[in-house]
Amino acid sequence: MNSAADPQLIPQLIAQRHDDILLVTINNPPVNALGVDVRRGLLDAIDAAERDPAVAAVLLVGAGRNFIGGADIREFGLPPQEPRLPDVCDRIEASSKLVVAAVHGATLGGGLEMALAAHYRLALPSAKLGLPEVHLGLLPGAGGTQRTPRLIGAGTALELMLSGRHVDAAEALALGLVDRVGTGEDAAAAGLAWVRELLAEGAPVRRTRDAGALADRAAQQGAIDAARATTAKKARGLFSPLKIVDAVQAALDLPFEAGMVRERELFVECLDSPQRAGLVHAFFAERETAKSPETAAARPRPIAKVGVVGGGTMGAGIAVALLDAGLPVTMIERDDAALARGRANVAKVYDSHVAKGRLTAAACEAVLARWSGSTAYDALADADLVIEAVFEEMAVKEAVFAELDRVCKRGAVLATNTSYLDIDRIAAATSRPQDVIGLHFFSPANIMKLLEIVVAAKTAPDVVATAFALARSLRKTPVRAGVCDGFIGNRMLAVYRQAADHVMEDGASPQQIDRAIRAFGYPIGPYEMADLAGNDIGWATRKRRAPTRDPRARYVQIADRLCERGWFGQKTGRGFYLYPDGARTGTPDPEVQAVIDAERVRAGVTPRSFTDEEIVRRYLAAMVNEGANVVHEKIALRPLDVDVTLVHGYGFPRHLGGPMKYADTVGLPNILADIRAFAQEDPLFWRPSPLLVELVERGHDFESLNHPETQTIKQPENAHA
Ligand code: T1G
Ligand code: NAD
């Protein structure tokens, strides 16, 4: 390295001398990921410091808001490039000159591993430290599974690696992950001051590999065994968690170098697992859906005051989500009794937080003070945004929007939380359709991450941008959707649920279908889900669709028979299952089986047996096929929008990436072959999506459509036709 006058090693890494300290700044926006160039630059910097007698110590810091967000996730799955991160960390640790890391903001994965390889660590108040690799189907593969247990003990290290949670500076100090918590946000200044102190005290080079937290072997083994037992129960088919436990076991059993070799073996197993591909896809996909064409083109309108019309299940949940984001909320209900219920639904959430010690009574009072209610719509005159969540009936919604059109100020955004209805028609009930948009929350609205932002034909771009900005402030995962019956998620749900109903009428029991879908990776099966959400919602939709249903289409009436008996699910104590005494887990109901048997006779069906594998193939084929239709009709911009919707709103296993990613993994020709085989029985239901046929003919997959340049935003007029 040349003199102090030549600070720049490479664009992403700046090395400057401050007297006898070499300040190395990682500058690789947006999160200083440890891509190959940064790794090379770091090696060069340490080598240069070693060679330069004038350098007594090296200080590592990150430019911008973060220290290091981890290894560069975009490199996973690509051919590995030297130097590998574990080698860079080993080089840092082996330095004869003091190496100190001063961390702020995100200090995650490979970023924390690098700090652990340094000889001393300082954290600033903004620091968020963690080893979240498990969320990507991986394990800390740059020495994290070997150094962390030696520094803080096997149990604590495993808890951090298996949860993937971030700890703040104070907790990091308490755990022993860092040596000191600094002040302010200037990592370089705070770091330089501390390094001078360390040099003045003659602080020795201290290698984390020599730390002794694993000394009490019996206790450490106990902690590992306990973690293995819990993980075996909780992993639910996830691949990397038990590999993490194996790696920490190696830290206890093996010398450091041998442990590093074992870590690498386990890391590569995780890297090669399809789950890594699914989880990395989900990571990037949920960041892509937050960028709609409109967010690039238009500025959001300011939102300071929000109105919510309807205080039922959704209205109350939406109000809580808004209050949690610090916004004042005005709730409108039909009458005082309904308004009181609405307030009680909101207060209930915060009261339970207080009861669980998550919120003080004073803080609860402060939040509820931002709630106001009225039965007069005029109370919404100065709202910047109004979200409607009244009954799912077109006439009721049109009346509400006409009223909002009368009372709301110009420029207010008028949103509907409808699950299925035609938002172009709702917008037409106002004189300002350009200000109308769909904000489709999922129940419970204050918990579920997904927010379908439904863009109607006349919705203005800045209204769309406003919706995406709102999603960010509510910490929701937004997906842009076009107008059709059920938008992206509910439209697909209706189709793959039909596929399950066909299998049930043809011979499988609801229990078998649920078991097969759970084994595939879902938290619960379709009939357990129906009983949880309430079978009456689907019934109302089927009744609404009856007049336009194709008379040639197969229509399974089993669910209708149950609803006619009032068996709506958990809320009525029985549905597809029995829920005695308010039980949350259902037990098989022989009377439901009797209804199914009677329906088979009525429909002239001779039942047959199904393998679980065939049930899953039919369920997924229907899901993927309709997903392709949704992309083909530009209701969803790209296949990844479908993936994010199903993962965040419909329980699709995240480690499979979503149905479209899963289809790419299975191979689109195989999915199409299944659909064509099933079409032998029912060509009307199993019509292959034109997009699926086209991609197979071209030898392409859904991933090929996930890149921005393929986007167009114009959608066909009135997709309801
Ligand atoms: N690699 C590549 N790109 C990344 C990245 C990473 N590690 N982290 C974020 N990005 C991109 C992201 O796609 C987005 O891009 C932009 O940065 C801003 O991200 C060997 C194996 C750091 C807390 O798991 O949790 O180290 O959309 O929108 O809300 O052991 O990003 O703008 O084009 O999320 O401020 C371990 C992952 C890696 C952390 C910042 N590290 N990142 O949150 O911004 S594996 C992680 C995050 C590893 C080693 C192993 C968050 C963040 P774009 P953002 P944010
Ligand atoms: P709900 O029956 O629990 O609540 C509806 C509320 O709207 C009632 O409190 C009612 O008093 C009030 N209301 C009716 N007409 C009104 C009017 N003219 N002015 C003011 N208030 C009025 O229904 P919900 O489950 O909360 O559903 C509300 C909307 O959200 C529906 O469009 C539904 O499709 C949609 N949605 C529901 C769910 C769900 O899981 N429940 C999920 C997503 C979207």
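Order of appearance sets the numbers: ligands from 1, and atoms from 1 within every ligand. Scope of the values below: all heavy atoms of this structure, side chains included, with no hydrogens, waters or symmetry mates.
Between Gly109 and ligand 1, a contact under 3.5 Å exists for no N or O pair. Between Gly141 and ligand 1, a contact under 3.5 Å exists for at least one N or O pair.
Stacking of Arg147 on the aromatic ring of Phe256 is not recorded, the 6.0 Å distance cut-off and the 45° axial limit not both being met.
Atom 3 (N) of ligand 1 has as its closest protein heavy atom Phe284 CE2, 4.2 Å. In terms of protein heavy atoms, atom 32 (O) of ligand 1 is closest to Lys291 NZ, 4.2 Å. If you check which protein heavy atom lies closest to atom 2 (C) of ligand 1, you get Asp72 OD1, 3.3 Å. What sits closest to atom 16 (C) of ligand 1 on the protein, heavy atoms only, is Pro30 CG, 3.4 Å. Here the heavy atom of the protein found nearest to atom 1 (N) of ligand 1 is Ile73 N, 2.9 Å. Nearest protein heavy-atom contact of atom 49 (C) of ligand 1 is Glu113 OE1, 3.2 Å.
Between Phe576 and Tyr527, the ring planes are tilted. Angles from 30° to 60° get that label.
No hydrogens or angles considered: a donor-acceptor pair under 3.5 Å links the side chains of Glu392 and Thr418. For the residue pair Asn706/Glu703, the side-chain donor-acceptor check at 3.5 Å is satisfied. At a cut-off of 3.5 Å, with distance as the only test, a side-chain donor of Ser372 or Thr330 sits close to an acceptor on the other residue. Residues Glu388 and Thr416 have side chains that bring a donor and an acceptor to within less than 3.5 angstrom of each other.
Aromatic ring centres of Phe283 and His281: separated by at least 6.0 Å. You'll find the ring centres of Tyr522 and Tyr650 outside the 6.0 Å limit.
Within a 4.0 Å radius of atom 43 (O) of ligand 1, the protein contributes no non-hydrogen atoms. Atom 12 (C) of ligand 1 lies below 4.0 Å from at least one non-hydrogen atom of the protein. In this structure, atom 29 (O) of ligand 1 is not in close contact with the protein, since no protein heavy atom lies within 4.0 Å of it.
Checking Pro140, Cys270, Ala106, Gly143 against atom 22 (C) of ligand 1, the nearest heavy atom belongs to Ala106. Across Arg65, Glu288, Arg276, Arg287, heavy-atom proximity to atom 54 (P) of ligand 1 is greatest for Arg287. Evaluated by nearest non-hydrogen atom to atom 7 (N) of ligand 1, the leading choice among Ala71, Ala290, Ala33, Gly110 is Ala71. Comparing Gly69, Gly130, Gly70 by heavy-atom distance to atom 39 (C) of ligand 1, the nearest is Gly69. Taking only non-hydrogen atoms, the option from Asn28, Val31, Leu108, Asn32 nearest to atom 9 (C) of ligand 1 is Val31.
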When you pair each N or O of ligand 2 with protein N or O atoms, which pairs come out under 3.5 Å?
from	atom 1	to	atom 2	distance (Å)
ligand 2	3 (O)	Thr313	N	3.0
ligand 2	3 (O)	Thr313	OG1	3.2
ligand 2	9 (O)	Glu333	OE2	2.5
ligand 2	11 (O)	Glu333	OE1	2.7
ligand 2	11 (O)	Glu333	OE2	3.3
ligand 2	11 (O)	Arg334	NE	2.8
ligand 2	11 (O)	Arg334	NH2	3.2
ligand 2	19 (N)	Tyr377	OH	2.8
ligand 2	21 (N)	Glu333	OE1	3.4
ligand 2	26 (O)	Thr313	N	3.3
ligand 2	26 (O)	Met314	N	2.8
ligand 2	30 (O)	Asn417	ND2	2.9
ligand 2	32 (O)	Val390	O	3.3
ligand 2	32 (O)	Glu392	OE1	2.5
ligand 2	32 (O)	Lys397	NZ	2.7
ligand 2	34 (O)	Glu392	OE1	2.9
ligand 2	34 (O)	Ser419	OG	2.7
ligand 2	36 (N)	Ser419	OG	3.1

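Atom-to-atom distance recorded for Leu151:CG and Arg121:CZ is 5.5 Å, nearest 0.5 angstrom. In this structure, the separation between CZ on Phe441 and CG on Leu451 is 5.0 Å, given to the nearest 0.5 Å.
The closest approach between His135 and ligand 1 stays at or above 4.0 Å for every heavy atom of the residue.
With a heavy-atom cut-off of 4.0 Å, Leu136 touches ligand 1 through its side chain alone.
In this structure, Arg406 pairs ionically with Asp378, as a charged nitrogen and a carboxylate oxygen lie closer than 4.0 Å. Using a 4.0 Å cut-off between charged side-chain N and carboxylate O, Arg545 and Asp485 make a salt bridge. With salt bridges taken as basic N to acidic carboxylate O contacts below 4.0 Å, one links Arg165 and Glu159. The pair Arg480-Glu294 meets the salt-bridge criterion, since a charged nitrogen lies less than 4.0 angstrom from a carboxylate oxygen. Salt bridge status for Arg209 with Glu257: present, with a side-chain N to carboxylate O gap under 4.0 Å. Using a cutoff of 4.0 Å between basic side-chain nitrogens and carboxylate oxygens, Arg475 and Asp324 are not scored as salt-bridged.
Close approach of ligand 1 to Arg74 (heavy-atom distance below 4.0 Å) involves ligand atoms 13 (O), 15 (O), 33 (O). The Phe283 neighbourhood of ligand 1 comprises atoms 8 (N), 9 (C), 13 (O), 37 (C), 42 (N), with distances under 4.0 Å to a heavy atom of that residue. Atoms of ligand 1 found under 4.0 Å from any heavy atom of Phe267 (numbered from 1 in listed order, with element): 21 (C). Distances below 4.0 Å separate heavy atoms of Phe76 from the following atoms of ligand 1: 21 (C), 45 (S).
Remark: His648 engages no residue in a ring pair (Phe, Tyr, Trp, His ring centres under 6.0 Å) (not counting sequence neighbours).
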